[in-house]
Asker: 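Attaching a single structure in structure tokens format; questions to follow.
Side chains included, hydrogens not; waters and symmetry mates left out as well; all remaining heavy atoms used. Computed from a predicted structure; not experimentally measured. Below, read A as the first sequence line, B as the second, and so on, with proteins coming before strands; counting in each chain starts at 1.
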Amino acid sequence: MAHPLTNAQIADSLEELGDLYELDGADRHRVLAYRRAARAIRESSASVAALVGEGRARELPGIGQTLEAKIGDLLAYGEIPAAVALKQRYPAGVIALTRLPGIGPKRARALFTDLGIDSPAALRAAAAAGRLRTERGFGPKFEANVLAATAQELTGGPSRVLLPRALELGEELVAGLLDSGPPAANAQIAGSARRMVEAVGDLDLVATADDPAALADAFAALPQIEVVLQSGPAAVRARTHMGLDVDLRLARPAEHGNLLQHFTGSAQHNEALRADARARGYHVSEHGVSEEASGRLHTFAEEQGVYSLLGYRPIPPELRENRGELQAAREHGPGLPELVRERDVRGDLHCHTVASDGRAQIEEMALAAAARGYEYLAITDHSASHGFGKAVSPAQLRDQIERIHRLNSSGLGIRLLAGSEVNILPDGSLDYDDDLLGELDWVIASIHTSFRLSEQRMTERLVSAMRHPAVDAIAHPTGRLIEQRPSYALDRETLFEVAAQTGTFLEINANPLRRDLSEQDARAAAQAGVLLVVNSDAHSTEMLALLRYGIATARRGWLRAADVANTRSWEELQRMGKRGRRMPPAS
DNA sequence: GCCGTTTTCGGCCCGACTGTTTTCAGTCG
């Protein structure tokens, strides 16, 4: 095909077309259909361009005949004709208006058609001149808000923060609420942070109190709060000094379960839950579940009450993304997997010491890992050609192997594995020779250079590494950095197929900036028969605790303990991987 | 535009808050 686009590029095009239809006043369900389709494409582990080529695009949820044809046009001609026509009527700056707070498609369209405003800059100028209030439905308050919003936008605007910062702030605020004068009976983190997503755009809290108004006042007085943006009897929205907005929702204790369920989301999960409930005569909101026939309202102090009433088994927050969890959790459905837990992990197979770019000695890492209850820890410093920080020469690595063997016989309380994080060079070869690699207990290979290879060359590079008999696992297999850098070009289906064939483990790197494989890729890999390992990639003793974020990704990818090899003993893990295939079977 | 325990047409989640209105539309989550 003429334009081999990535899933992200196809999704962007459909989202843009949805925005254009919305500006044009299309039925909102039609617009939502474009957004749903874009999300399914973005989350697909398989190449959607390839699916379209095979005539299989309609296997994706939310893709029907029309969208399949439009994606086909996009791939064949590089553009969707309907989008080209609409873009002539609405300049790109009009869509940009809808990104400003308080401006949606209706207002953007009115501003453009009646006042000729075609960009945020033009809007700002019109607000400064007091021209906006001449339009019906707009007043001086709106002009003031525009000036404030565009000023912030010009200085970069708020961006999403990684999960650890959001959780840290959330825990501080929850503690503040619980300690505040008027008693909060309960306060907890909800929203996307509770679902353990990668990065959050704002923080959601729920609290119960017999006097909600007093609790709202106490919230506004917490030292983390910079300014209250909105305030009502049931909700407070505020900006923190960190720049992250916080929504606090308040309810009486008897409705806490309803509120927590609602406010944990995701929006897509709730939407599907409510549609399903509605078909069976229930209306679901944060205030309760009402029966259509009798009008009876069911409220619950515990969240599970909502799910039980509607006929669902418990659904862990990490799964609430409308990715099949509702169907699986139905009382007569197939059931949800028993998700892997942090305490199932028996060893960490990726960490660094002062030998390369880590901060601690081997002994310190070993003691910290033993304190976490691990049975084994692989020391995997960077290999010879790493290029930044200290590189470990072959002679230094041989010394380190000796040192680890000595430590193992000295009774540390944990088994240390002599390992390395070996660079995969652009041609797919490794930067230690095979003899040296053969002396190691554990080899994890990864890419740290030449990220811009073509999809074909990058895939071949990784395939070569996985076919190498000494390579046990691939670390951070896609190279993405959350909110900073997308994955390098890569054929994931081939990656998973070869990993399964060769018995190479794929890592879920737990560093909160990586979480690589992603949840979608991890789920697709496991379905393809790949075994995963969840590792901290710790560069200090404290960083061993980052494992929780890798476990969160594994859980969001529907993985069970059986899908994660380092929930097994070291002996068992070896048998499950490539080493097991080159050893004679145990009699 | 999609989809089917509502099944090829007629539905598609629900409420809070704001700023405007003169009883409510628009936006947001």
Asker: If you look at every strand shown and take non-hydrogen atoms under 4.0 Å, does A:Val31 touch a base, only sugar-phosphate, or nothing?
Answerer: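 Touches nothing.
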Asker: Counting N and O atoms only, with roles assigned by atom type, does the side chain of A:Thr150 sit under 3.5 Å from a partner on the main chain of A:Pro120, one being a donor and the other an acceptor?
Answerer: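 No; zero donor-acceptor contacts below 3.5 Å.
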Asker: Would you say A:Thr66 reaches B:dC2's phosphate, i.e. side-chain N/O to OP1/OP2 under 4.0 Å?
Answerer: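 Answer is yes, contact under 4.0 Å.
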Asker: The test is side chain to side chain contact (heavy atoms under 4.5 Å, CB included); show your working for A:Leu517 and A:Thr553 and say whether it passes.
Answerer: CA-CA 8 Å; A:Leu517 296 175; A:Thr553 290; over 6 Å; no
Asker: If you measure from the C1' atom in B:dA25 to the same atom in B:dT20, how many Å do you get, rounded?
Answerer: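 That atom pair is separated by 9 Å.
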Asker: Mind calculating the distance between CZ (A:Arg278) and P (B:dG10) to the nearest angstrom?
Answerer: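 So the CZ-P distance, A:Arg278 to B:dG10, works out to 16 Å.
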Asker: Send over the distance from A:Leu32 CG to B:dC3 P, rounded to a whole Å.
Answerer: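 That distance rounds to 14 Å.
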Asker: Taking the P atom of each, how far is B:dC13 from B:dG4, in whole Å?
Answerer: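 So the two P atoms sit 15 Å from each other.
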Asker: Please tell me if A:His287 has a side-chain N or O lying less than 4.0 Å from either OP1 or OP2 of B:dA16.
Answerer: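 Answer is yes, contact under 4.0 Å.
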Asker: Select one nucleotide: of B:dC2, B:dC13, B:dA16, the one nearest the side-chain heavy atoms of A:Ala234.
Answerer: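 Nearest to the side chain of A:Ala234 among the choices is B:dA16.
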Asker: When the distance from CG of A:Leu297 to C1' of B:dG15 is rounded to whole Å, what number comes out?
Answerer: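 The distance from CG of A:Leu297 to C1' of B:dG15 comes to 14 Å, rounded to the nearest Å.
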Asker: Within the 4.0 Å heavy-atom criterion, would you say A:Asp27 contacts the bases, only the backbone, or no part of the nucleic acid?
Answerer: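 Counting heavy atoms under 4.0 Å across all strands, the contact made by A:Asp27 includes a base.
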Asker: Would A:Glu43 and A:Arg323 count as a salt bridge (Lys or Arg N to Asp or Glu O under 4.0 Å) if you check the C-alpha gap in whole Å, the side-chain angles of each, and the deciding distance to 0.1 Å?
Answerer: CA-CA 10 Å; A:Glu43 292 187 352; A:Arg323 294 175 183 158; 2.8 Å; yes
Asker: Quick one: list whatever passes side chain to side chain donor-acceptor pair (under 3.5 Å) with A:Lys70, sequence neighbours left out.
Answerer: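 Counting only residues at least two positions away or on another chain, A:Lys70 forms a side chain to side chain donor-acceptor pair (under 3.5 Å) with A:Tyr21, A:Tyr34.
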Asker: Using atom P in both nucleotides, what's the gap between B:dT22 and B:dG15 to the nearest angstrom?
Answerer: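 Comparing P positions in B:dT22 and B:dG15 gives a spacing of 26 Å.
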Asker: What is the distance from atom CZ of A:Arg330 to atom CG of A:Asp276, rounded to the nearest 0.5 Å?
Answerer: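 The CG atom of A:Asp276 is 5.0 Å from CZ of A:Arg330, to the nearest 0.5 Å.
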Asker: Between protein and nucleotides 21-29 of chain B, map the contacts as a letter string: B base, S sugar-phosphate only, - none, heavy atoms under 4.0 Å, written 5' to 3'.
Answerer: -S---SSSS
Asker: Which residues satisfy the ring-ring contact (aromatic ring centres under 6.0 Å, His included) test with A:Phe138, sequence neighbours excluded?
Answerer: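 ring-ring contact (aromatic ring centres under 6.0 Å, His included) check on A:Phe138 returns A:Phe142.
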Asker: To the nearest angstrom, how far is A:His283 atom NE2 from B:dG11 atom C1'?
Answerer: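 In whole Å, B:dG11 C1' lies 14 Å from A:His283 NE2.
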Asker: Base, sugar-phosphate, or nothing for A:Leu273, non-hydrogen atoms under 4.0 angstrom?
Answerer: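 Counting heavy atoms under 4.0 Å across all strands, no contact is made by A:Leu273.
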Asker: For atom C1', what is the distance between B:dG29 and B:dT23, given to the nearest Å?
Answerer: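 These two C1' atoms come out 25 Å apart once rounded.
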Asker: Find which nucleotide of DNA chain B each of A:Pro140 and A:Pro233 is nearest to by heavy atoms, and output the residue with the more 5' nucleotide.
Answerer: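 Final value for this comparison: A:Pro233.
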Asker: Using atom CD of A:Glu271 as one end and atom P of B:dC13 as the other, report the distance to the nearest whole Å.
Answerer: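 For the pair A:Glu271 CD and B:dC13 P, the rounded distance is 5 Å.
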Asker: Please state how far atom CZ in A:Arg58 lies from atom P in B:dC2, giving the value in whole angstrom units.
Answerer: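 Rounded to the whole Å, the gap is 8 Å.
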Asker: If only atom types and distance count, is the side chain of A:Asn270 paired as donor or acceptor with the main-chain N or O of A:His262 below 3.5 Å?
Answerer: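 Here the side-chain-to-backbone pair exists.
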Asker: Can you tell me if A:Asn145 touches the phosphate of B:dT18, counting only side-chain N or O atoms and a distance under 4.0 Å to OP1 or OP2?
Answerer: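 Indeed not, no polar side-chain atom of A:Asn145 lies that close.
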Asker: Take atom CD of A:Gln230 and atom C1' of B:dG19, then tell me their distance rounded to the nearest Å.
Answerer: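 Computing the A:Gln230:CD to B:dG19:C1' distance gives 11 Å.
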Asker: Please name the pair of heavy atoms, one in A:Gly201 and one in A:Leu244, separated by the smallest distance, quoted to 0.1 Å.
Answerer: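 Smallest heavy-atom distance, with atoms named: O-CD1, 3.5 Å.
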Asker: Select base, sugar-phosphate, or nothing to describe what A:Ala267 touches, counting heavy atoms under 4.0 Å on all strands.
Answerer: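 Answer is nothing: A:Ala267 stays at 4.0 Å or more from every strand.
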Asker: Taking the P atom of each, how far is B:dT6 from B:dG1, in whole Å?
Answerer: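 It comes out at 25 Å once rounded to the nearest Å.
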Asker: Please measure how far the P atom in B:dC14 lies from the corresponding atom in B:dC9, and state the result in whole Å.
Answerer: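 My reading of the P atoms in B:dC14 and B:dC9 gives 26 Å.
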Asker: With rounding to whole Å, what would you report as the distance between B:dT8 and B:dC12 at their C1' atoms?
Answerer: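 16 Å, rounded to whole Å.
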Asker: Counting only Watson-Crick pairs (N1-N3 plus N6-O4 or O6-N4) and G-U wobbles (N1-O2, O6-N3), all under 3.5 Å, who is the partner of B:dC17?
Answerer: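 Paired with B:dC17, as far as the under-3.5 Å criterion goes, is B:dG26.
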Asker: A:Tyr282 or A:Gln65: which one's nearest nucleotide on DNA chain B is closer to the 5' end?
Answerer: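 That would be A:Gln65.
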Asker: Measure up the A:His269 and A:Tyr307 rings against each other and bin them: parallel (under 30°), tilted (30 to 60°), perpendicular (over 60°).
Answerer: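 Because their plane-to-plane angle lies in the 30° to 60° range, the rings of A:His269 and A:Tyr307 count as tilted.
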Asker: For A:Asn258 and B:dC14, give me the distance from atom CG to atom P, rounded to whole Å.
Answerer: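 From A:Asn258 CG to B:dC14 P: 14 Å.
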